[in-house]
Amino acid sequence: MHTRHSSRPLRTLGAALTAAALLSSGCSADASAPRAASLSKKAVPAALKPYYEQTLSWRPCGGADFECATLRAPLDYARPGTGRDLRLAVSRKKATGTGRRLGSLLVNPGGPGGSAVGYLQSFAAIGYPARVRARYDMVAMDPRGVAESEPVTCLSDKQMDTFTQTDQTPDGRGETDRLVAAYKKFAHGCATRSGRILGHVSTVEAARDMDVLRAALGDRKLNYVGASYGTFLGATYADLYPHRVGRLVLDGALDPALSSRRINRDQTAGFETAFTAFAKDCVRRTGCPLGTGSVAAARDRLGAFFARLDSHPARTGESRALGEPLATIGVISAMYDETAWSQLRTALRSAMGGHGGGLLNLADLYYERDTDGSYANLMYANPAVNCLDLPPAFRTPAEVRKSIPDFQKASPVFGKALAWAALNCAYWPVRPTGAAHALHARGAAPIVVVGTTRDPATPYPWARALATQLSSATLLTYDGDGHTAYGRGSSCIDSAINTYLLTGRPPAPHTRCH
């Protein structure tokens, strides 16, 4: 599985992207999720005590001193103890230091749909600053429906290959009908293969699972670092259980008060910002595949390349050709991290010469498609959570067409594709249980919200908005590129967060790092 700093999809990239965008949805307020006051101040209901009082049975796993266990949680919190339980995968690496331990530090890389266990074992428990790992047991739990926690599945690998090649920029009724049919087939596959869990993978339910895990770990309060969608998960927990909040870092934050349509439109603008930064760098280099003129000319050249692939896909050296849908995702995949720009330049140069294998590899990385043709669960779990958390951005193709000018204004290159990608939840087999609304977490301990000024997937204004909503939040700003900040090499960011995690003292208000 391809694990990066944070699992990408938010909400935007749909169809071929499946649901791609990270964000996820506004906060879910379903009937099985009482509001914060009733959850945080009352004793655990009798029906939930067997879950809260369970003992985790740890076993060695994953090498490097990792342990794994299984947490039992009710499928439906409104009907616990009915025999319809979920088994959620948990992993930890115990604190490495000899001094006083600070408890557990739960981590989540985002998605929705990213494997937290995979993130822990491949990065967090190894790459987080040594001082933090010395004081905390590093812990992760795959959220319900994700990776090893009863994963949602929707299509066979061959069907997913076909789905990712669906034309995302339909030019007429026939292509529109085929795109809609692809969305419907995807949704039907999810209902057929994962109907038992499909209505119970909301962010609120995942946050409630986190509180069960907190208790099972023996921690009085929850300490947490969440990236991307993981910020929404952490903020939802804080809103539900404000008096159980320990030290929370929400890195690459999203605004839970936004509608799905607004989220998709804002992310579209975010990817345009990231592309502009890439293009500015590229056109200054000899041999830039987008030319050595202006950013506008580079943008036009990329748009013309996509248009050419729409009718004449490039060969890749395998059975899949590189058409416009996969090429678009390949470029978007590299927008998350400046370190991928060199790879993108090479891939674009090759694809424009007729050999699309490099861009296809970038698209496969985004989709978590392995070299054997198998797909990870990310692209199934992502829409399952997103479509449950918020009403759909669009309900009909006509609504998409009406909004395309607004999306193209946000991004001349990506706007049309990302507008159509946002139609996927219109055909979802389970009705949404959530709605967009602000989160407040009144009474919670200090929370640190991190925003990156040139973040393509969670635009900086979202971090500002979340920090304003949460009653005890401090905004920490990183003036740079990339989707998240912690652990990416900024000594200023890492120092501020380390101090907070180790002492509980948040950064000074309006702290900015470069």
Quick check: do [X] and [Y] have side-chain heavy atoms less than 4.5 Å from each other?
| X | Y | value |
| --- | --- | --- |
| Leu120 | Val117 | no |
| Tyr136 | Arg247 | yes |
| Val212 | Tyr77 | yes |
| Leu102 | Arg100 | yes |
| Tyr224 | Val249 | no |
| Trp462 | Leu258 | yes |
| Cys513 | Leu476 | yes |
| Lys94 | Arg101 | yes |

Closest non-hydrogen atom pair between [X] and [Y], with its separation:
| X | Y | answer |
| --- | --- | --- |
| Leu359 | Leu344 | CD2-CD1, 3.8 Å |
| Thr268 | Ala410 | CG2-CB, 4.1 Å |
| Ser471 | Ala441 | OG-O, 3.2 Å |
| Leu217 | Val139 | CD1-CG1, 4.1 Å |
| Pro446 | Pro506 | CB-CG, 3.9 Å |
| Pro391 | Gly434 | CD-O, 3.5 Å |

Between [Y] and [X], does any NZ, NE, NH1 or NH2 come within less than 4.0 Å of an OD or OE carboxylate oxygen?
| X | Y | value |
| --- | --- | --- |
| Lys409 | Asp406 | no |
| Asp211 | Arg214 | yes |
| Asp281 | Arg345 | yes |

Residue pair Thr477 / Tyr460, side-chain donor-acceptor N/O under 3.5 Å: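 Tyr460 and Thr477 do have a side-chain donor-acceptor pair below 3.5 Å.
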
Could you check whether Ser333 and Tyr367, counting side-chain N and O atoms only, form a donor-acceptor pair closer than 3.5 Å?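 The answer is no; no qualifying pair exists.
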
From [atom1] ([X]) to [atom2] ([Y]), nearest 0.5 Å:
| X | Y | atom1 | atom2 | answer |
| --- | --- | --- | --- | --- |
| Leu470 | Asp239 | CG | CG | 8.0 Å |
| Gln469 | Leu466 | CD | CG | 5.5 Å |
| Arg72 | Asp209 | CZ | CG | 12.5 Å |

Show your working on side-chain contact (heavy atoms from CB on, under 4.5 Å) between Leu233 and Met210 and close with a plain yes or no. CA-CA 9 Å; Leu233 181 58; Met210 286 166 55; 3.5 Å; yes

Would you please test Glu205 and Ser202 for side chain to side chain donor-acceptor pair (under 3.5 Å) and show each step? CA-CA 5 Å; Glu205 289 164 308; Ser202 70; 2.8 Å; yes

Contacts under 3.5 angstrom, residues 103-112 side chains, donor-acceptor by atom type, not counting sequence neighbours:
from, atom 1, to, atom 2, distance (Å)
Ser104, OG, Asp219, OD2, 2.8
Asn108, OD1, Gly110, N, 2.9

Got a sec, which pairs hit side-chain hydrogen bond (donor to acceptor under 3.5 Å, both in side chains) with one end in residues 491-510, sequence neighbours left out?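 Of all non-adjacent pairs touching residues 491-510, those that pass side-chain hydrogen bond (donor to acceptor under 3.5 Å, both in side chains) are Tyr486-Asn498.
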
Please tabulate, one pair per line, all N/O donor-acceptor pairs under 3.5 Å involving side-chain atoms of residues 56-71, not counting sequence neighbours.
from, atom 1, to, atom 2, distance (Å)
Arg59, NH1, Cys68, O, 3.4
Glu67, OE1, Arg92, NE, 2.6
Glu67, OE1, Arg92, NH2, 3.1

Classify the ring geometry between Phe407 and Phe394 as parallel (under 30°), tilted (30 to 60°) or perpendicular (over 60°).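 Judged by the thresholds at 30° and 60°, the geometry between Phe407 and Phe394 is tilted.
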
For the ring pair Phe271 and Tyr336, is the centre-to-centre distance below 6.0 Å?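 Under 6.0 Å, so yes.
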
